[in-house]
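The block underneath contains the structure these notes are about, expressed in structure tokens.
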Amino acid sequence: MKPLTILPADHGYFSTSDKVKLHYIDKGQGQPLVMLSSWTLCSRQFEYQILGLCQKYRVIALDMRGHGQSQQVDYGYKIYRFAKDLHEFFEFLSLDKITALGHSVGGSVVLCYWELFNGRRLAKLVLLDRPSLTISNPSWTPEQVKHFGAGMDENTAVEINNMIAGSGGAQYKGVLLNCMLTPPISLYSRQCLLDSSQIVPEQQSATLFYDDVHQDWRSVLKRINVPTLIIAGRASPISLSSLQWLQAQIKDAELVIFEEYEGGKHFPFLENSMKFNRVIDNFMQQALGDA
């Protein structure tokens, strides 16, 4: 897959209420699709969605604080602050009837936004490889752990946090990313991810990781009342059973599964952008037809 080009005119900046300059890409017109990347990644990872969908929709990708081309600061690396940044961004662009797509940690931000602002301005949700929680409770049954998506215990979370924050944190971030990719992914896409992950300093990366894995969105799910699409990878580190359970909690939610041969690990939008864009387009069209 050849690299694509985002034009300079498609880039913009805005400042949050706590004086952080955030970068975003904004291309196309029509129904807004706002995309949030995962931990330590950035808007650049969505270039195939931006250029593939901008002929039909207004496609926007936001770099959260410290990520991508946004301002580097040493504060605010918490999911609730990212959700407030997102709220202020929507206000800045006067967006309404938004389809919000969140990948992993970006999905956590979308769910936090829903809880804090009661889904204001949102018409549809896309949750990509985002379970309801990450940290397990020793009192839970194996079935509960399986359903909730709890992939680690507290001791493991502390250990990973310390590894990210330590002297070998940059290398460890690369190891984590490589575990989430299938071997056929293009060298260009793999390198883009690795380069993006190194932009966020190790201490801020660790702070965000630790905060995100301690979020629990189970109580939010049944209050979501807009069309919701859940996207899963059969070979993803996030268990399919946890995303099937997530689907059951959100009224009328749709689940699309990418098989491993389809790039179905943690980054299907990079590994199989053509199918991913079709899935998003179909979801957007269904929602438009229902409006």
Side-chain angles (χ1 to χ4, degrees), residues 1-8 10-13 20-27 34-52 59-74 76-77 79 82 85-86 89 101-110 128-130 160-161 163-165 168-183 185-213 233 236-238 263 265-273 276:
M1 185 177 290
K2 295 181 180 180
L4 301 172
T5 301
I6 304 293
L7 299 175
D10 301 324
H11 294 261
Y13 292 87
V20 182
K21 188 177 181 181
L22 301 188
H23 165 262
Y24 63 95
I25 299 170
D26 185 351
K27 191 171 183 68
V34 177
M35 300 180 291
L36 298 179
S37 61
S38 188
W39 176 73
T40 73
L41 301 177
C42 68
S43 56
R44 184 183 178 190
Q45 73 181 89
F46 291 123
E47 59 185 339
Y48 298 117
Q49 283 65 57
I50 294 167
L51 295 181
V59 187
I60 304 167
L62 176 66
D63 285 337
M64 302 310 290
R65 60 180 62 208
H67 291 61
Q69 297 181 53
S70 288
Q71 184 179 352
Q72 292 283 336
V73 292
D74 59 1
Y77 291 83
I79 298 300
F82 281 21
D85 291 346
L86 184 62
F89 180 62
L101 184 157
H103 174 219
S104 194
V105 174
S108 196
V109 176
V110 169
L128 170 56
D129 228 22
R130 175 72 228 179
I160 294 175
N161 174 81
M163 291 179 71
I164 296 169
Q171 181 178 0
Y172 186 63
K173 284 194 287 185
V175 171
L176 289 175
L177 275 174
N178 276 312
C179 290
M180 298 179 181
L181 302 168
T182 65
I185 189 172
S186 71
L187 292 176
Y188 168 73
S189 294
R190 184 185 296 271
Q191 194 59 51
C192 283
L193 291 174
L194 294 174
D195 290 346
S196 294
S197 74
Q198 302 308 313
I199 292 173
V200 186
E202 275 60 71
Q203 185 56 62
Q204 281 71 47
S205 297
T207 297
L208 178 58
F209 165 82
Y210 195 76
D211 184 70
D212 178 63
V213 299
S236 172
I238 307 301
K265 212 163 186 183
H266 195 56
F267 292 91
F269 54 93
L270 277 177
E271 299 205 44
N272 193 344
S273 61
F276 190 89

Subject >> side-chain contact (heavy atoms from CB on, under 4.5 Å) against Q45, all qualifying residues, sequence neighbours excluded >> reply: S37, L41, H103, L193, F267, F269
**OP:** List in chain and number order the residues that pass ring pair (Phe, Tyr, Trp, His ring centres under 6.0 Å) with F89, two or more places apart in sequence or in another chain; answer none if no residue qualifies.
**Re:** F14, Y24
Subject >> Nearest-0.5 Å distance that lies between atom CG in D26 and atom NE2 in H11 >> reply: 11.0 Å
Subject >> CD-NZ distance between E47 and K27, expressed to the nearest 0.5 angstrom >> reply: 12.5 Å
Original post:
Are there more than 12 heavy atoms of other residues, nucleotides or ligands under 6.0 Å from atom CG of L7?
Top reply: yes
Original post:
Does D211 reach the side chain of F82, with side-chain heavy atoms less than 4.5 Å apart?
Top reply: no
Original post:
Between H67 and T40, what is the shortest heavy-atom contact and its length?
Top reply: NE2-N, 3.2 Å
Subject >> side-chain hydrogen bond (donor to acceptor under 3.5 Å, both in side chains) against N161, all qualifying residues, sequence neighbours excluded >> reply: none
**OP:** Side-chain contact test, heavy atoms from C-beta onward, threshold under 4.5 Å: evaluate it for I79 versus L208 and give yes or no.
**Re:** yes
Original post:
Under 4.5 Å between any side-chain heavy atoms of M180 and S236, yes or no?
Top reply: no
Original post:
Is the closest side-chain heavy-atom distance between K265 and L181 below 4.5 Å?
Top reply: no
**OP:** Under the side-chain hydrogen bond (donor to acceptor under 3.5 Å, both in side chains) rule, collect the residues that match up with S205, sequence neighbours excluded.
**Re:** K173
Original post:
Is there a donor-acceptor pair closer than 3.5 Å between any side-chain N or O of N178 and the backbone N or O of G174?
Top reply: yes
**OP:** Measure the CG-OG1 distance between D74 and T207 for me, rounded to the nearest 0.5 Å.
**Re:** 9.5 Å
Original post:
How would you list, by chain and number, every residue that makes a side-chain contact (heavy atoms from CB on, under 4.5 Å) with Q72, sequence neighbours excluded?
Top reply: Y77, I199, P201
Subject >> Side-chain touch F276/L270, heavy atoms, less than 4.5 angstrom >> reply: no
**OP:** For residues L86 and L36, determine if any side-chain heavy atom of one lies less than 4.5 Å from a side-chain heavy atom of the other.
**Re:** yes
Original post:
Applying the side chain to side chain contact (heavy atoms under 4.5 Å, CB included) test to Q69, which of I25, D63, L22 qualifies?
Top reply: D63
Original post:
Going by the salt bridge (Lys or Arg N to Asp or Glu O under 4.0 Å) test, which pairs reach into residues 187-196, not counting sequence neighbours?
Top reply: none
Original post:
Sub-3.5 Å donor-acceptor pair from the side chain of N272 to the main-chain atoms of G263, do we have one?
Top reply: no
Subject >> Any side-chain heavy-atom pair of I50 and M35 under 4.5 Å >> reply: yes
**OP:** Would you indicate whether the side-chain heavy atoms of R65 and S70 approach each other to under 4.5 Å?
**Re:** no
Original post:
What's the shortest heavy-atom distance between R130 and S104, and which atoms?
Top reply: CD-O, 2.9 Å
Subject >> Gap between atom CE of M64 and atom OG of S43 - 0.5 Å precision >> reply: 11.5 Å
